[in-house]
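Shown next, in structure tokens, is the structure this report addresses.
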Amino acid sequence: MLRIGNIELRSPIIAAPFAGISGPVYRQACKDAGVGLAVSEMISDKALHYKNARTFDMCRIFDGEHPVSLQLFGGDPETMAEAAEYLSDHTACDMIDINMGCPVTKVLRAHAGSYLLSYPELAEAIVSSVVAHTDRPVTVKMRAGSDQNHINAPQLARRFEKLGVSAIAIHGRTRSQLYRGTCNLEYIRMVKEAVSIPVIGNGDIKTADDAIRMLEVTGVDGIMIGRGLVGRPYLVKEIEAKRKGESYTPPSYEERIDLCLNYADQLCAYYGEHTGIRMMRGLCSYYLDGMPFSAKTRAICATLETSEELHAAMERYRDLLKEEQTK
């Protein structure tokens with residue numbers, strides 16, 4: 001088991017925050033699949049300060065999600081403290097995570113995300129203010145450093161531990177890499193060896209073998225998976241089976257189609273059909289990835305307008321698979 005602060009996780013596998021995806025429907029699906037913790041997409045401290053209605057909606061949590069972590073991003077210790085208080089007083093979150101890893105320009109301009117890796121004093125001030133204004137465990141998700149010549153994650157992790165952070169999630173890329181190149185497991189191992197609090201390894205975990213390699217090479221206490229879980233919630237069971245040396249039977253093509261339709265129905269029920277189906281336009285390909293004769297169906301899904309269209313496209317694809325199996 002993995003324990004973060006006063007929260008015990010049933011599994012060391014954590015669903016990473018994913019912009020535009022990691023809402024309550026996705027987090028609930030991940031929890032149903034067996035993850036120990038799911039983390040929300042980034043929530044802006046400034047948006048909470050200005051009482052943005054959409055941002056308030058991003059803080060909603062389903063009863064079945066627990067434990068769940070809400071992730072904040074910002075570059076101002078005062079508004080980060082205010083945001084931490086809001087999440088503590090008005091949501092049922094079990095933890096608060098501080099984003100120091102996002103490398104996108106919009107976040108960097110807010111002096112947030114991986115921008116903070118280059119400004120340790122500001123990073124410490126933000127961590128200190130958040131820890132002081134919540135009774136929930138505080139975690140930090142960060143990258144290895146600004147670039148390969150400035151790898152300072154181990155030093156920062158030690159400082160954050162002294163300030164009361166309960167766990168560190170470390171992505172083995174630098175800010176300058178964005179999402180290119182490969183995850184450097186040595187950077188993650190360095191952070192694990194620098195602190196005594198739990199360390200979660202993140203980056204390039206797409207298969208069960210990737211997960212086992214992360215655990216064995218770095219010695220981390222847990223693993224965080226982002227894109228690898230999207231459309232493949234069954235990866236959790238595959239990893240757990242691999243860890244225990246047990247056999248694993250992947251879902252059939254029929255079952256994967258059912259997973260896709262079920263998730264689409266949940267999105268439509270929560271967000272409404274208009275928004276839910278537009279979200280599925282980019283997600284269907286994840287569910288169908290690697291499945292035979294799926295190119296046409298994936299192209300159709302990218303232009304969906306209604307739930308009926310999605311179900312019809314999937315049923316046609318289901319029939320195509322049956323036809324090909326009988327040849």
Run the numbers on Asp147 and Ser176 for side chain to side chain donor-acceptor pair (under 3.5 Å), then give the verdict. CA-CA 5 Å; Asp147 57 54; Ser176 64; 5.4 Å; no

Parallel, tilted or perpendicular: ring planes of Tyr270 versus Phe62, cut at 30 and 60 degrees: perpendicular

Report yes if the distance between the aromatic ring centroids of Tyr253 and Tyr317 is under 6.0 Å, otherwise no.
no

Practice item. Would you confirm whether the ring centroid of Tyr248 sits within less than 6.0 angstrom of the ring centroid of Tyr234? Key: no

Can a side-chain donor-acceptor contact be found between [Y] and [X] if the only test is distance below 3.5 angstrom?
X	Y	value
His111	Asp76	no
Ser69	Asp97	no
Glu78	Ser129	no

What are the two closest heavy atoms between [X] and [Y], and how far apart are they?
X	Y	value
Gly181	Arg173	O-NH2, 2.8 Å
Thr218	Leu185	CG2-O, 3.4 Å
Val39	Gln71	CG1-CB, 4.0 Å
Tyr271	Pro24	OH-CD, 4.0 Å
Arg281	Ala302	CD-O, 3.6 Å

* Asked: Under 6.0 Å from the six-membered ring centre of Tyr263 and within 45° of its axis: does the NZ or CZ of Arg232 meet both?
  -> no

Does [Y] offer a backbone N or O that forms a donor-acceptor pair with the side chain of [X] under 3.5 Å?
X	Y	answer
Arg10	Leu2	no
Ser252	Glu255	yes
Asp289	Ser285	no
Arg256	Tyr287	yes
Lys31	Gly64	no
Asn99	Phe73	no
Arg143	Arg175	no

Side-chain heavy atoms under 4.5 angstrom apart, residues restricted to Ile, Leu, Val, Met, Phe, Trp, Tyr: same cluster for [X] and [Y]?
X	Y	value
Met95	Ile170	no
Ile239	Ile188	yes
Ile205	Met224	no
Ile14	Met42	no
Met142	Met214	yes

Applying side chain to side chain donor-acceptor pair (under 3.5 Å) to Lys141 and not counting sequence neighbours gives Asn202

Taken in chain and number order and not counting sequence neighbours, the residues that satisfy side chain to side chain donor-acceptor pair (under 3.5 Å) with Asp57 are none

Within a reach of under 6.0 Å around [atom1] of [X], are more than 12 heavy atoms found that belong to other residues, nucleotides or ligands?
X	atom1	value
Glu305	CD	yes
Arg159	CZ	yes
Tyr119	OH	no
Glu254	CD	yes

**Prompt:** Would you call Pro77 and Leu122 a side-chain contact if the rule is heavy atoms closer than 4.5 Å?
**Reply:** yes

Hey, mind stepping through Glu240 and Ser11 against side chain to side chain donor-acceptor pair (under 3.5 Å) and telling me if it holds? CA-CA 9 Å; Glu240 292 289 13; Ser11 167; 2.7 Å; yes

Q | Thr134/Glu85 under side chain to side chain donor-acceptor pair (under 3.5 Å): CA gap, chis, key distance, verdict | A | CA-CA 6 Å; Thr134 182; Glu85 283 190 354; over 6 Å; no

Original post:
Can you list the steps and then say if Val127 with Val140 is a side chain to side chain contact (heavy atoms under 4.5 Å, CB included)?
Top reply: CA-CA 8 Å; Val127 167; Val140 175; 4.1 Å; yes

Value for CD (Glu65) from OG (Ser40), rounded to nearest 0.5 Å, stands at 9.0 Å

ask   = Would you call Asp258 and Arg318 a salt bridge, using N to O less than 4.0 angstrom?
value = yes

Original post:
salt bridge (charged side-chain N to carboxylate O under 4.0 Å, His left out) between Arg189 and Glu193: does it pass, once the steps are laid out?
Top reply: CA-CA 6 Å; Arg189 186 187 64 78; Glu193 293 179 350; 2.4 Å; yes

Apply salt bridge (charged side-chain N to carboxylate O under 4.0 Å, His left out) to Asp94 and Arg136, showing your working. CA-CA 6 Å; Asp94 299 286; Arg136 315 296 163 83; over 6 Å; no

The complete set of side chain to side chain donor-acceptor pair (under 3.5 Å) pairs with one or both residues in residues 220-229, sequence neighbours excluded, reads Lys192-Asp221, Arg227-Tyr286

